[in-house]
Amino acid sequence: MIDIKWIREQPDLVKQRLASRHGGDDAQIDAVLQLDEQRRHALKQVEDLKALRNKVSKEIGALMGQKKLPEADAKKAETRTLGDQIAVLDKTAADAEAARDAILLRLPNPPHASVPGGSSAADNPEVKHWGAKPEFAFTPKSHVALCESLKLVDFARGAKLSGSGFLLYTHWGARLERALIQFLLDLHTAQHGYTEVAPPHIVSRDCMVGVGQFPKFEDQAYAVREGADDSTLGRLYLLPTAEAPVANIHREEILPHTQLPINYCAYSPCFRAEAGAAGVGTRGMIRVHQFDKVELVKIVRQEEGYAELEKLLADAEKVLQLLGLHYRVVLLCTGDMGFASAKTYDIEVWAPGQNAYLEVSSCSNTDEFQARRMNLRYKDAQGVNQFPHLLNGSGTALARLFVALIETYQQADGSVLLPEPLHKYVGTERITA
RNA sequence: GGAAGGGUGGCUGAGUGGUUAAAGGCACCUGACUCGAAAUCAGGAGAUGGGGCAACCCAUCCGUAGGUUCGAAUCCUACCCCUUCCGCCA
(Lines give C-alpha, C1' and ligand atoms only; values in the text may rest on other atoms or scores of the structure.)
Protein backbone atom coordinates (compact mmCIF):
# COMPACT_ATOMS: atom_id res chain seq x y z
CA MET A 1 0.00 0.00 0.00
CA ILE A 2 0.95 3.59 -0.36
CA ASP A 3 2.83 5.17 2.54
CA ILE A 4 0.33 7.25 4.53
CA LYS A 5 3.09 9.69 5.45
CA TRP A 6 3.79 10.32 1.79
CA ILE A 7 0.09 11.00 1.20
CA ARG A 8 0.01 13.43 4.12
CA GLU A 9 3.09 15.29 2.98
CA GLN A 10 2.60 15.36 -0.80
CA PRO A 11 -1.05 14.62 -1.57
CA ASP A 12 -0.96 16.40 -4.92
CA LEU A 13 2.03 14.41 -6.13
CA VAL A 14 0.37 11.14 -5.12
CA LYS A 15 -2.81 12.15 -6.94
CA GLN A 16 -0.85 13.03 -10.05
CA ARG A 17 1.03 9.72 -10.04
CA LEU A 18 -2.12 7.70 -9.48
CA ALA A 19 -4.01 9.59 -12.16
CA SER A 20 -1.51 8.34 -14.73
CA ARG A 21 -2.89 4.84 -14.40
CA HIS A 22 -6.37 3.36 -14.31
CA GLY A 23 -7.77 3.44 -10.82
CA GLY A 24 -6.48 6.88 -9.94
CA ASP A 25 -9.06 8.95 -8.11
CA ASP A 26 -8.46 12.24 -6.28
CA ALA A 27 -11.57 11.80 -4.13
CA GLN A 28 -10.08 8.62 -2.64
CA ILE A 29 -6.96 10.45 -1.54
CA ASP A 30 -9.03 13.24 -0.04
CA ALA A 31 -11.10 10.68 1.84
CA VAL A 32 -7.94 9.01 3.13
CA LEU A 33 -6.60 12.33 4.37
CA GLN A 34 -9.85 13.17 6.10
CA LEU A 35 -10.07 9.80 7.86
CA ASP A 36 -6.41 10.01 8.80
CA GLU A 37 -7.03 13.40 10.39
CA GLN A 38 -10.03 12.02 12.28
CA ARG A 39 -7.94 9.14 13.52
CA ARG A 40 -5.09 11.27 14.74
CA HIS A 41 -7.45 13.73 16.43
CA ALA A 42 -9.19 10.94 18.37
CA LEU A 43 -5.86 9.26 19.10
CA LYS A 44 -4.41 12.39 20.67
CA GLN A 45 -7.43 12.74 22.98
CA VAL A 46 -7.58 9.10 23.95
CA GLU A 47 -3.87 8.90 24.66
CA ASP A 48 -4.05 11.88 26.99
CA LEU A 49 -6.92 10.20 28.84
CA LYS A 50 -5.01 6.95 29.07
CA ALA A 51 -1.98 8.76 30.46
CA LEU A 52 -4.22 10.23 33.14
CA ARG A 53 -5.76 6.85 33.90
CA ASN A 54 -2.34 5.22 34.22
CA LYS A 55 -1.21 7.96 36.60
CA VAL A 56 -4.27 7.66 38.85
CA SER A 57 -4.14 3.87 38.81
CA LYS A 58 -0.60 4.00 40.10
CA GLU A 59 -1.65 6.36 42.85
CA ILE A 60 -4.43 3.97 43.84
CA GLY A 61 -1.94 1.15 43.95
CA ALA A 62 0.32 3.18 46.22
CA LEU A 63 -2.57 4.12 48.53
CA MET A 64 -3.67 0.52 48.84
CA GLY A 65 -0.14 -0.46 49.65
CA GLN A 66 -0.31 2.00 52.56
CA LYS A 67 -3.71 0.61 53.64
CA LYS A 68 -5.38 3.95 52.97
CA LEU A 69 -8.52 2.34 51.63
CA PRO A 70 -10.98 5.27 51.88
CA GLU A 71 -8.62 7.47 49.88
CA ALA A 72 -8.17 4.71 47.33
CA ASP A 73 -11.93 4.24 46.96
CA ALA A 74 -12.35 7.97 46.43
CA LYS A 75 -9.86 7.94 43.60
CA LYS A 76 -11.50 4.88 42.11
CA ALA A 77 -14.81 6.73 41.96
CA GLU A 78 -13.02 9.66 40.36
CA THR A 79 -11.75 7.59 37.45
CA ARG A 80 -14.73 5.32 37.01
CA THR A 81 -16.13 7.20 34.02
CA LEU A 82 -12.71 7.54 32.42
CA GLY A 83 -12.91 4.03 31.04
CA ASP A 84 -16.13 4.76 29.18
CA GLN A 85 -14.72 7.89 27.59
CA ILE A 86 -11.63 5.98 26.57
CA ALA A 87 -13.71 3.17 25.06
CA VAL A 88 -15.69 5.63 22.92
CA LEU A 89 -12.62 7.45 21.64
CA ASP A 90 -10.74 4.19 21.09
CA LYS A 91 -13.55 3.05 18.85
CA THR A 92 -13.62 6.36 17.00
CA ALA A 93 -9.90 6.08 16.28
CA ALA A 94 -10.09 2.39 15.34
CA ASP A 95 -13.05 2.94 13.03
CA ALA A 96 -11.32 5.82 11.26
CA GLU A 97 -8.17 3.74 10.85
CA ALA A 98 -10.11 0.76 9.48
CA ALA A 99 -11.97 2.98 7.01
CA ARG A 100 -8.71 4.67 5.97
CA ASP A 101 -6.94 1.35 5.43
CA ALA A 102 -9.88 -0.13 3.54
CA ILE A 103 -9.39 2.62 0.96
CA LEU A 104 -5.60 2.37 1.00
CA LEU A 105 -5.70 -1.38 0.32
CA ARG A 106 -7.65 -0.70 -2.88
CA LEU A 107 -5.36 2.01 -4.22
CA PRO A 108 -2.86 0.74 -6.80
CA ASN A 109 0.87 1.28 -6.68
CA PRO A 110 1.93 4.64 -8.17
CA PRO A 111 4.16 3.99 -11.21
CA HIS A 112 7.92 4.48 -11.02
CA ALA A 113 9.25 7.64 -12.64
CA SER A 114 10.84 5.63 -15.48
CA VAL A 115 7.49 4.23 -16.64
CA PRO A 116 6.17 5.81 -19.85
CA GLY A 117 2.69 7.34 -19.87
CA GLY A 118 -0.09 5.67 -21.81
CA SER A 119 -3.60 4.37 -21.53
CA SER A 120 -3.54 0.82 -22.91
CA ALA A 121 -1.39 -2.02 -24.20
CA ALA A 122 -1.15 -0.18 -27.53
CA ASP A 123 1.05 2.40 -25.81
CA ASN A 124 3.62 -0.07 -24.45
CA PRO A 125 7.00 0.61 -26.06
CA GLU A 126 8.94 -2.41 -27.30
CA VAL A 127 12.32 -2.24 -25.59
CA LYS A 128 14.00 -5.16 -27.28
CA HIS A 129 13.48 -8.24 -29.38
CA TRP A 130 15.50 -11.41 -29.80
CA GLY A 131 15.72 -13.79 -32.76
CA ALA A 132 13.40 -13.59 -35.74
CA LYS A 133 10.03 -14.96 -36.73
CA PRO A 134 10.62 -18.47 -38.11
CA GLU A 135 9.75 -19.02 -41.76
CA PHE A 136 7.84 -22.05 -42.98
CA ALA A 137 7.62 -23.71 -46.38
CA PHE A 138 4.07 -24.64 -45.43
CA THR A 139 1.25 -23.00 -43.54
CA PRO A 140 2.03 -23.51 -39.83
CA LYS A 141 -0.74 -25.14 -37.83
CA SER A 142 -2.24 -23.88 -34.63
CA HIS A 143 -1.26 -25.67 -31.41
CA VAL A 144 -4.85 -26.88 -31.18
CA ALA A 145 -4.48 -28.89 -34.38
CA LEU A 146 -1.03 -30.10 -33.38
CA CYS A 147 -2.20 -31.19 -29.93
CA GLU A 148 -5.05 -33.15 -31.47
CA SER A 149 -3.01 -34.84 -34.19
CA LEU A 150 -0.10 -35.64 -31.86
CA LYS A 151 -2.42 -36.45 -28.94
CA LEU A 152 -0.65 -34.02 -26.62
CA VAL A 153 -3.77 -32.56 -25.01
CA ASP A 154 -7.29 -34.01 -24.85
CA PHE A 155 -9.36 -30.84 -24.84
CA ALA A 156 -12.75 -32.55 -24.85
CA ARG A 157 -12.00 -34.82 -21.94
CA GLY A 158 -10.33 -32.00 -19.99
CA ALA A 159 -13.63 -30.13 -20.30
CA LYS A 160 -15.54 -33.27 -19.34
CA LEU A 161 -13.54 -33.59 -16.15
CA SER A 162 -13.58 -30.00 -14.96
CA GLY A 163 -15.30 -27.75 -17.48
CA SER A 164 -13.96 -25.52 -20.20
CA GLY A 165 -10.59 -24.00 -19.53
CA PHE A 166 -9.10 -27.12 -17.98
CA LEU A 167 -6.55 -29.21 -19.82
CA LEU A 168 -5.90 -32.93 -19.84
CA TYR A 169 -2.33 -33.42 -21.02
CA THR A 170 -1.74 -36.87 -22.50
CA HIS A 171 1.17 -39.00 -23.67
CA TRP A 172 4.05 -36.83 -24.92
CA GLY A 173 2.10 -33.73 -23.97
CA ALA A 174 2.16 -34.69 -20.31
CA ARG A 175 5.80 -35.65 -20.62
CA LEU A 176 6.70 -32.35 -22.28
CA GLU A 177 4.89 -30.35 -19.60
CA ARG A 178 6.79 -32.15 -16.84
CA ALA A 179 10.05 -31.80 -18.77
CA LEU A 180 9.59 -28.04 -19.10
CA ILE A 181 9.01 -27.64 -15.36
CA GLN A 182 12.19 -29.58 -14.63
CA PHE A 183 14.18 -27.67 -17.23
CA LEU A 184 13.09 -24.31 -15.87
CA LEU A 185 13.79 -25.15 -12.22
CA ASP A 186 17.20 -26.55 -13.11
CA LEU A 187 18.06 -23.46 -15.13
CA HIS A 188 17.15 -20.93 -12.45
CA THR A 189 18.68 -22.83 -9.55
CA ALA A 190 21.90 -23.94 -11.25
CA GLN A 191 22.57 -21.00 -13.58
CA HIS A 192 20.85 -18.01 -11.95
CA GLY A 193 21.35 -18.61 -8.24
CA TYR A 194 17.75 -18.99 -7.11
CA THR A 195 16.76 -21.16 -4.15
CA GLU A 196 14.04 -23.62 -5.01
CA VAL A 197 10.95 -23.72 -2.81
CA ALA A 198 7.78 -25.75 -3.14
CA PRO A 199 4.92 -23.77 -1.58
CA PRO A 200 1.41 -24.77 -0.54
CA HIS A 201 -1.05 -24.52 -3.41
CA ILE A 202 -3.78 -23.23 -1.16
CA VAL A 203 -3.06 -19.93 0.58
CA SER A 204 -4.56 -17.80 3.30
CA ARG A 205 -6.44 -14.60 2.69
CA ASP A 206 -3.53 -12.69 4.26
CA CYS A 207 -1.22 -13.91 1.51
CA MET A 208 -3.63 -12.67 -1.13
CA VAL A 209 -3.90 -9.25 0.51
CA GLY A 210 -0.13 -9.12 0.96
CA VAL A 211 0.65 -9.37 -2.73
CA GLY A 212 -2.19 -7.03 -3.70
CA GLN A 213 -4.46 -9.67 -5.22
CA PHE A 214 -7.09 -8.87 -2.59
CA PRO A 215 -9.33 -7.11 -1.77
CA LYS A 216 -9.73 -5.69 -5.24
CA PHE A 217 -9.58 -8.83 -7.37
CA GLU A 218 -11.35 -11.29 -5.14
CA ASP A 219 -13.68 -12.29 -8.00
CA GLN A 220 -10.72 -13.71 -9.93
CA ALA A 221 -9.82 -16.34 -7.35
CA TYR A 222 -11.12 -19.80 -6.55
CA ALA A 223 -12.21 -19.89 -2.91
CA VAL A 224 -11.84 -23.14 -1.00
CA ARG A 225 -14.44 -24.49 1.39
CA GLU A 226 -13.53 -27.06 4.04
CA GLY A 227 -15.90 -29.98 3.80
CA ALA A 228 -19.51 -28.79 3.86
CA ASP A 229 -18.86 -25.94 6.29
CA ASP A 230 -19.75 -22.69 4.53
CA SER A 231 -18.33 -20.66 7.41
CA THR A 232 -14.86 -21.67 6.25
CA LEU A 233 -15.27 -19.87 2.92
CA GLY A 234 -13.09 -16.79 2.73
CA ARG A 235 -10.18 -18.28 4.62
CA LEU A 236 -8.32 -20.19 1.91
CA TYR A 237 -7.87 -19.76 -1.82
CA LEU A 238 -6.29 -21.67 -4.67
CA LEU A 239 -3.22 -19.71 -5.61
CA PRO A 240 -3.39 -17.61 -8.79
CA THR A 241 0.42 -17.61 -8.91
CA ALA A 242 3.23 -18.94 -6.74
CA GLU A 243 4.01 -15.30 -6.04
CA ALA A 244 1.16 -15.37 -3.49
CA PRO A 245 2.80 -17.82 -1.07
CA VAL A 246 6.45 -17.23 -1.98
CA ALA A 247 6.49 -13.44 -1.68
CA ASN A 248 4.83 -13.90 1.73
CA ILE A 249 7.39 -16.35 3.09
CA HIS A 250 8.97 -13.65 5.25
CA ARG A 251 5.85 -11.60 5.95
CA GLU A 252 5.89 -9.79 9.30
CA GLU A 253 9.59 -10.45 9.71
CA ILE A 254 12.49 -8.04 10.15
CA LEU A 255 15.41 -9.44 8.16
CA PRO A 256 19.07 -8.55 8.69
CA HIS A 257 20.32 -6.65 5.62
CA THR A 258 23.11 -9.19 5.29
CA GLN A 259 20.50 -11.79 4.36
CA LEU A 260 19.51 -9.83 1.22
CA PRO A 261 19.08 -10.27 -1.64
CA ILE A 262 16.85 -13.32 -1.33
CA ASN A 263 16.06 -15.14 -4.59
CA TYR A 264 13.39 -17.83 -4.70
CA CYS A 265 12.06 -19.88 -7.56
CA ALA A 266 9.05 -22.13 -7.32
CA TYR A 267 6.94 -24.32 -9.51
CA SER A 268 3.20 -24.33 -8.94
CA PRO A 269 -0.02 -24.76 -10.81
CA CYS A 270 -1.90 -21.47 -11.09
CA PHE A 271 -5.68 -21.20 -10.77
CA ARG A 272 -7.58 -18.28 -12.24
CA ALA A 273 -11.33 -17.98 -12.34
CA GLU A 274 -11.09 -15.37 -15.10
CA ALA A 275 -14.56 -14.12 -14.20
CA GLY A 276 -16.09 -12.19 -17.04
CA ALA A 277 -13.62 -13.52 -19.59
CA ALA A 278 -15.75 -16.43 -20.82
CA GLY A 279 -15.75 -16.72 -24.57
CA VAL A 280 -12.71 -14.51 -25.00
CA GLY A 281 -9.92 -16.56 -26.57
CA THR A 282 -11.08 -19.62 -24.72
CA ARG A 283 -10.23 -22.07 -27.48
CA GLY A 284 -6.96 -23.92 -26.99
CA MET A 285 -4.37 -23.40 -24.28
CA ILE A 286 -3.84 -19.69 -24.32
CA ARG A 287 -6.37 -18.66 -21.71
CA VAL A 288 -7.20 -21.39 -19.20
CA HIS A 289 -8.33 -21.73 -15.59
CA GLN A 290 -5.34 -23.78 -14.55
CA PHE A 291 -1.80 -23.68 -15.87
CA ASP A 292 1.67 -24.49 -14.64
CA LYS A 293 4.26 -21.82 -13.98
CA VAL A 294 7.74 -21.45 -12.58
CA GLU A 295 7.86 -18.20 -10.66
CA LEU A 296 10.84 -16.08 -9.61
CA VAL A 297 10.68 -13.88 -6.51
CA LYS A 298 13.31 -11.46 -5.22
CA ILE A 299 13.48 -9.64 -1.90
CA VAL A 300 16.12 -6.92 -2.16
CA ARG A 301 17.42 -3.73 -0.58
CA GLN A 302 15.59 -0.59 -1.65
CA GLU A 303 18.50 0.87 -3.55
CA GLU A 304 18.91 -2.31 -5.57
CA GLY A 305 15.30 -2.77 -6.62
CA TYR A 306 15.42 -1.45 -10.15
CA ALA A 307 18.80 -2.96 -11.01
CA GLU A 308 17.48 -6.30 -9.77
CA LEU A 309 14.45 -5.92 -12.03
CA GLU A 310 16.79 -5.88 -15.03
CA LYS A 311 18.48 -9.06 -13.75
CA LEU A 312 15.13 -10.73 -13.22
CA LEU A 313 14.12 -9.89 -16.76
CA ALA A 314 17.39 -11.29 -18.10
CA ASP A 315 16.86 -14.53 -16.13
CA ALA A 316 13.40 -14.98 -17.66
CA GLU A 317 14.63 -14.09 -21.16
CA LYS A 318 17.30 -16.76 -20.89
CA VAL A 319 14.57 -19.41 -21.00
CA LEU A 320 13.44 -18.36 -24.46
CA GLN A 321 16.99 -17.88 -25.70
CA LEU A 322 17.96 -21.41 -24.70
CA LEU A 323 14.86 -22.79 -26.37
CA GLY A 324 15.50 -20.72 -29.49
CA LEU A 325 12.14 -18.97 -29.40
CA HIS A 326 11.70 -15.53 -30.92
CA TYR A 327 10.38 -12.95 -28.46
CA ARG A 328 10.07 -9.28 -27.73
CA VAL A 329 10.10 -7.34 -24.49
CA VAL A 330 7.69 -4.49 -23.86
CA LEU A 331 7.73 -1.98 -21.03
CA LEU A 332 4.21 -1.57 -19.72
CA CYS A 333 2.93 1.99 -19.82
CA THR A 334 1.24 3.59 -16.82
CA GLY A 335 -2.23 2.63 -18.03
CA ASP A 336 -1.50 -1.06 -18.56
CA MET A 337 0.30 -2.02 -15.38
CA GLY A 338 -0.87 -4.50 -12.76
CA PHE A 339 -2.26 -3.26 -9.45
CA ALA A 340 0.77 -3.94 -7.27
CA SER A 341 3.53 -3.07 -9.72
CA ALA A 342 5.64 0.08 -9.89
CA LYS A 343 7.32 -1.04 -13.11
CA THR A 344 6.72 -4.05 -15.33
CA TYR A 345 8.34 -5.66 -18.34
CA ASP A 346 6.35 -8.21 -20.30
CA ILE A 347 8.07 -10.88 -22.36
CA GLU A 348 6.03 -11.96 -25.36
CA VAL A 349 6.96 -15.06 -27.28
CA TRP A 350 6.15 -15.50 -30.96
CA ALA A 351 3.56 -18.19 -31.77
CA PRO A 352 3.55 -18.85 -35.52
CA GLY A 353 0.26 -20.73 -35.48
CA GLN A 354 -1.43 -17.76 -33.85
CA ASN A 355 0.51 -15.23 -35.92
CA ALA A 356 0.80 -13.34 -32.64
CA TYR A 357 2.99 -12.66 -29.65
CA LEU A 358 1.91 -14.34 -26.40
CA GLU A 359 2.72 -13.00 -22.96
CA VAL A 360 4.72 -15.68 -21.15
CA SER A 361 6.34 -13.59 -18.45
CA SER A 362 5.59 -10.46 -16.54
CA CYS A 363 8.54 -9.12 -14.55
CA SER A 364 7.67 -6.51 -11.96
CA ASN A 365 9.20 -4.50 -9.19
CA THR A 366 6.47 -3.74 -6.66
CA ASP A 367 8.84 -1.35 -4.91
CA GLU A 368 7.79 -1.08 -1.22
CA PHE A 369 4.12 -1.64 -2.04
CA GLN A 370 3.82 -5.34 -1.17
CA ALA A 371 6.33 -5.15 1.68
CA ARG A 372 4.14 -2.55 3.40
CA ARG A 373 1.06 -4.69 2.96
CA MET A 374 2.72 -7.69 4.54
CA ASN A 375 4.79 -5.66 7.00
CA LEU A 376 8.04 -7.20 5.80
CA ARG A 377 11.12 -5.17 6.71
CA TYR A 378 14.87 -5.37 6.97
CA LYS A 379 17.33 -3.63 9.23
CA ASP A 380 19.78 -1.63 7.11
CA ALA A 381 23.48 -1.08 7.84
CA GLN A 382 22.55 1.89 10.05
CA GLY A 383 20.14 -0.26 12.06
CA VAL A 384 17.07 1.47 10.63
CA ASN A 385 14.08 -0.62 9.57
CA GLN A 386 13.32 -0.34 5.86
CA PHE A 387 10.79 -1.90 3.54
CA PRO A 388 12.54 -4.08 0.96
CA HIS A 389 11.60 -4.09 -2.69
CA LEU A 390 9.70 -7.22 -3.70
CA LEU A 391 10.06 -8.39 -7.29
CA ASN A 392 8.35 -11.17 -9.12
CA GLY A 393 8.53 -12.58 -12.60
CA SER A 394 7.35 -15.63 -14.42
CA GLY A 395 10.20 -17.80 -15.47
CA THR A 396 8.00 -18.67 -17.34
CA ALA A 397 4.30 -19.54 -17.69
CA LEU A 398 4.05 -22.98 -19.23
CA ALA A 399 0.86 -23.38 -21.24
CA ARG A 400 1.80 -20.54 -23.55
CA LEU A 401 5.42 -21.60 -23.69
CA PHE A 402 4.14 -25.04 -24.71
CA VAL A 403 2.11 -23.39 -27.49
CA ALA A 404 5.03 -21.34 -28.82
CA LEU A 405 7.32 -24.35 -28.64
CA ILE A 406 5.23 -26.77 -30.67
CA GLU A 407 4.08 -24.13 -33.13
CA THR A 408 7.65 -22.95 -33.73
CA TYR A 409 9.19 -26.40 -34.04
CA GLN A 410 6.47 -28.10 -36.07
CA GLN A 411 7.65 -29.84 -39.23
CA ALA A 412 6.08 -30.33 -42.64
CA ASP A 413 5.24 -33.94 -41.77
CA GLY A 414 3.27 -32.85 -38.69
CA SER A 415 5.89 -33.86 -36.12
CA VAL A 416 7.62 -31.55 -33.65
CA LEU A 417 11.42 -31.44 -33.55
CA LEU A 418 12.42 -30.36 -30.03
CA PRO A 419 15.31 -27.96 -29.33
CA GLU A 420 18.42 -29.60 -27.95
CA PRO A 421 18.19 -28.51 -24.27
CA LEU A 422 14.90 -30.40 -23.90
CA HIS A 423 16.08 -33.72 -25.34
CA LYS A 424 17.31 -35.21 -22.10
CA TYR A 425 14.28 -33.96 -20.18
CA VAL A 426 11.64 -35.21 -22.60
CA GLY A 427 13.54 -38.34 -23.56
CA THR A 428 13.14 -37.86 -27.28
CA GLU A 429 14.27 -35.45 -29.97
CA ARG A 430 11.10 -35.62 -31.98
CA ILE A 431 7.44 -35.98 -31.09
CA THR A 432 5.44 -37.90 -33.67
CA ALA A 433 1.88 -39.12 -33.84
C1' G B 1 -11.31 -36.10 15.42
C1' G B 2 -10.01 -37.18 21.08
C1' A B 3 -6.70 -36.24 25.51
C1' A B 4 -2.88 -33.51 27.98
C1' G B 5 0.66 -29.61 28.08
C1' G B 6 2.25 -25.02 26.15
C1' G B 7 2.65 -19.89 23.30
C1' U B 8 6.59 -13.87 27.32
C1' G B 9 12.15 -9.67 23.87
C1' G B 10 17.30 -12.04 18.71
C1' C B 11 17.48 -16.94 21.76
C1' U B 12 16.58 -19.07 26.69
C1' G B 13 13.57 -18.36 30.85
C1' A B 14 11.16 -16.11 35.63
C1' G B 15 6.76 -13.80 36.48
C1' U B 16 -1.04 -16.10 39.26
C1' G B 17 -4.22 -8.26 40.05
C1' G B 18 -0.64 -2.58 41.74
C1' U B 19 7.53 0.41 41.73
C1' U B 20 6.83 -4.80 35.11
C1' A B 21 10.33 0.94 34.07
C1' A B 22 9.17 -7.50 31.80
C1' A B 23 14.02 -10.57 36.67
C1' G B 24 18.23 -13.83 35.55
C1' G B 25 21.12 -16.12 31.68
C1' C B 26 23.05 -16.50 26.44
C1' A B 27 24.32 -13.96 22.14
C1' C B 28 25.25 -8.76 20.40
C1' C B 29 27.27 -3.47 20.66
C1' U B 30 30.25 0.33 23.33
C1' G B 31 33.83 1.54 27.02
C1' A B 32 37.65 0.19 30.83
C1' C B 33 41.89 -3.18 31.59
C1' U B 34 45.60 -5.21 27.46
C1' C B 35 50.78 -4.47 22.59
C1' G B 36 46.32 -7.07 20.74
C1' A B 37 42.89 -10.82 22.07
C1' A B 38 40.57 -13.90 25.82
C1' A B 39 38.76 -13.47 30.67
C1' U B 40 36.77 -9.82 33.95
C1' C B 41 34.21 -5.23 35.17
C1' A B 42 30.83 -1.11 33.72
C1' G B 43 27.23 0.55 30.45
C1' G B 44 23.92 0.04 26.14
C1' A B 45 20.41 -2.11 23.05
C1' G B 46 12.96 -4.00 20.69
C1' A B 47 8.47 -2.73 17.64
C1' U B 48 4.23 0.35 16.17
C1' G B 49 1.55 4.89 16.41
C1' G B 50 1.19 10.06 18.01
C1' G B 51 3.41 14.86 19.68
C1' G B 52 7.94 18.21 19.53
C1' C B 53 12.92 22.21 15.70
C1' A B 54 15.39 19.13 19.12
C1' A B 55 17.42 16.56 23.66
C1' C B 56 12.97 14.06 24.57
C1' C B 57 7.67 13.01 25.92
C1' C B 58 3.04 10.08 25.60
C1' A B 59 0.23 5.72 24.18
C1' U B 60 0.13 0.62 22.64
C1' C B 61 2.56 -4.37 22.27
C1' C B 62 3.69 -10.89 26.74
C1' G B 63 -0.30 -16.07 20.34
C1' U B 64 -5.17 -13.32 18.39
C1' A B 65 -9.86 -11.05 19.57
C1' G B 66 -13.29 -9.75 23.26
C1' G B 67 -14.64 -9.30 28.64
C1' U B 68 -14.07 -8.14 34.18
C1' U B 69 -11.41 -4.01 36.98
C1' C B 70 -9.56 2.42 39.00
C1' G B 71 -5.54 -0.90 37.13
C1' A B 72 -4.39 -7.27 33.38
C1' A B 73 1.51 -10.85 31.04
C1' U B 74 -1.39 -12.39 35.46
C1' C B 75 -8.58 -13.51 36.17
C1' C B 76 -12.89 -14.98 32.46
C1' U B 77 -14.70 -16.36 27.24
C1' A B 78 -13.85 -17.64 22.17
C1' C B 79 -10.49 -18.61 18.45
C1' C B 80 -5.44 -19.63 16.21
C1' C B 81 -0.84 -22.09 16.46
C1' C B 82 2.92 -25.53 18.57
C1' U B 83 4.47 -30.14 21.33
C1' U B 84 3.35 -35.16 23.10
C1' C B 85 0.07 -39.35 23.06
C1' C B 86 -4.34 -41.93 20.84
C1' G B 87 -7.56 -42.69 16.49
C1' C B 88 -7.95 -42.19 11.15
C1' C B 89 -5.28 -41.62 6.70
C1' A B 90 -1.67 -40.86 1.41
Side-chain angles (χ1 to χ4, degrees), chain A residues 1-9 32-102 104-105 198 200-210 224 226-237 245 248-260 368 371-388:
Chain A
M1 68 172 86
I2 307 173
D3 185 3
I4 183 63
K5 286 178 186 159
W6 187 37
I7 295 178
R8 266 181 221 147
E9 286 160 17
V32 166
L33 284 169
Q34 197 190 338
L35 288 164
D36 186 53
E37 183 52 41
Q38 280 175 23
R39 171 179 174 271
R40 283 194 292 166
H41 181 70
L43 206 56
K44 177 71 182 141
Q45 289 181 301
V46 76
E47 285 183 357
D48 287 347
L49 288 177
K50 282 180 178 174
L52 175 62
R53 182 181 68 183
N54 289 345
K55 181 167 156 283
V56 175
S57 289
K58 269 187 190 170
E59 289 168 4
I60 291 172
L63 287 171
M64 295 193 40
Q66 298 163 32
K67 306 285 185 203
K68 296 181 177 173
L69 297 182
E71 287 89 335
D73 283 340
K75 277 202 183 289
K76 281 187 194 179
E78 188 185 309
T79 39
R80 191 149 293 151
T81 58
L82 217 49
D84 297 335
Q85 297 175 50
I86 287 170
V88 169
L89 284 167
D90 254 341
K91 189 168 186 328
T92 303
D95 287 349
E97 182 173 355
R100 181 194 74 181
D101 289 348
L104 281 176
L105 283 172
H201 295 171
I202 297 177
V203 298
S204 70
R205 186 182 181 81
D206 285 342
C207 286
M208 297 292 265
V209 172
V224 171
E226 291 172 42
D229 184 357
D230 277 337
S231 74
T232 59
L233 270 172
R235 297 233 302 259
L236 297 170
Y237 298 85
N248 275 288
I249 287 174
H250 298 288
R251 77 188 335 268
E252 283 158 42
E253 292 181 22
I254 300 176
L255 304 167
H257 67 91
T258 49
Q259 200 178 326
L260 304 180
E368 300 179 23
R372 282 184 192 284
R373 285 176 160 250
M374 55 184 77
N375 202 22
L376 164 60
R377 289 159 293 171
Y378 69 97
K379 221 175 254 301
D380 69 18
Q382 284 71 46
V384 179
N385 288 340
Q386 305 284 359
F387 290 102

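Just so it is clear: chains get the letters A, B, ... in the order the sequence lines come, proteins before strands, and each one is counted from 1.
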S.K.: Taking only side-chain nitrogens and oxygens of A:N54, does any of them come within less than 4.0 Å of OP1 or OP2 of B:U60?
M.R.: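 Answer yes for this pair, as a side-chain N or O of A:N54 is under 4.0 Å from OP1 or OP2.
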S.K.: Would you tell me if any nitrogen or oxygen in the side chain of A:R53 comes within less than 4.0 Å of OP1 or OP2 on B:A59?
M.R.: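 Answer no for this pair, as no side-chain N or O of A:R53 is under 4.0 Å from OP1 or OP2.
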S.K.: Calculate, to the nearest 0.5 Å, the distance between atoms CG and CD1 belonging to A:D101 and A:I4 respectively.
M.R.: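 Rounded to the nearest 0.5 Å, the CG-CD1 separation comes to 8.0 Å.
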S.K.: Nearest to the side chain of A:K379, heavy atoms from C-beta on, is which of B:C70, B:A47, B:C58?
M.R.: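 It is B:A47.
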S.K.: Distances for protein N/O vs nucleotides 16-18 of chain B N/O pairs under 3.5 angstrom?
M.R.:
unit_1: B:G18; atom_1: N2; unit_2: A:S57; atom_2: O; d: 2.8

S.K.: Quick one: is B:G49 close enough that its OP1 or OP2 comes under 4.0 Å of any side-chain N or O from A:R100?
M.R.: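 Negative; the distance criterion is not met.
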S.K.: Which nucleotide, if any, forms a Watson-Crick or G-U wobble pair with B:U83, using both distances under 3.5 Å?
M.R.: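 When the pairing criteria are applied, B:A4 turns out to be the nucleotide that pairs with B:U83.
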S.K.: Please check the phosphate of B:G49 (OP1 and OP2 only) for any side-chain N or O of A:R40 closer than 4.0 Å.
M.R.: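 Checking B:G49 against A:R40, no side-chain N or O comes under 4.0 Å of OP1 or OP2.
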S.K.: Which nucleotide in the list B:G46, B:C70, B:C58 gets nearest to the side chain of A:E47?
M.R.: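 Comparing B:G46, B:C70, B:C58 against the side chain of A:E47, the answer is B:C58.
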S.K.: Tell me which nucleotide among B:G50, B:A59, B:A47 gets nearest to the side chain of A:A51.
M.R.: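 Nearest to the side-chain atoms of A:A51, counting from C-beta on, is B:A59.
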S.K.: Taking only the side-chain nitrogens and oxygens of A:N385, find out if one of them lies under 4.0 Å from OP1 or OP2 of B:U48.
M.R.: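 The answer is yes; a side-chain N or O of A:N385 sits under 4.0 Å from OP1 or OP2.
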S.K.: Between A:E37 and A:R40, does at least one N-O distance fall below 4.0 Å, as a salt bridge requires?
M.R.: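 A salt bridge is present here (some side-chain N lies under 4.0 Å from a carboxylate O).
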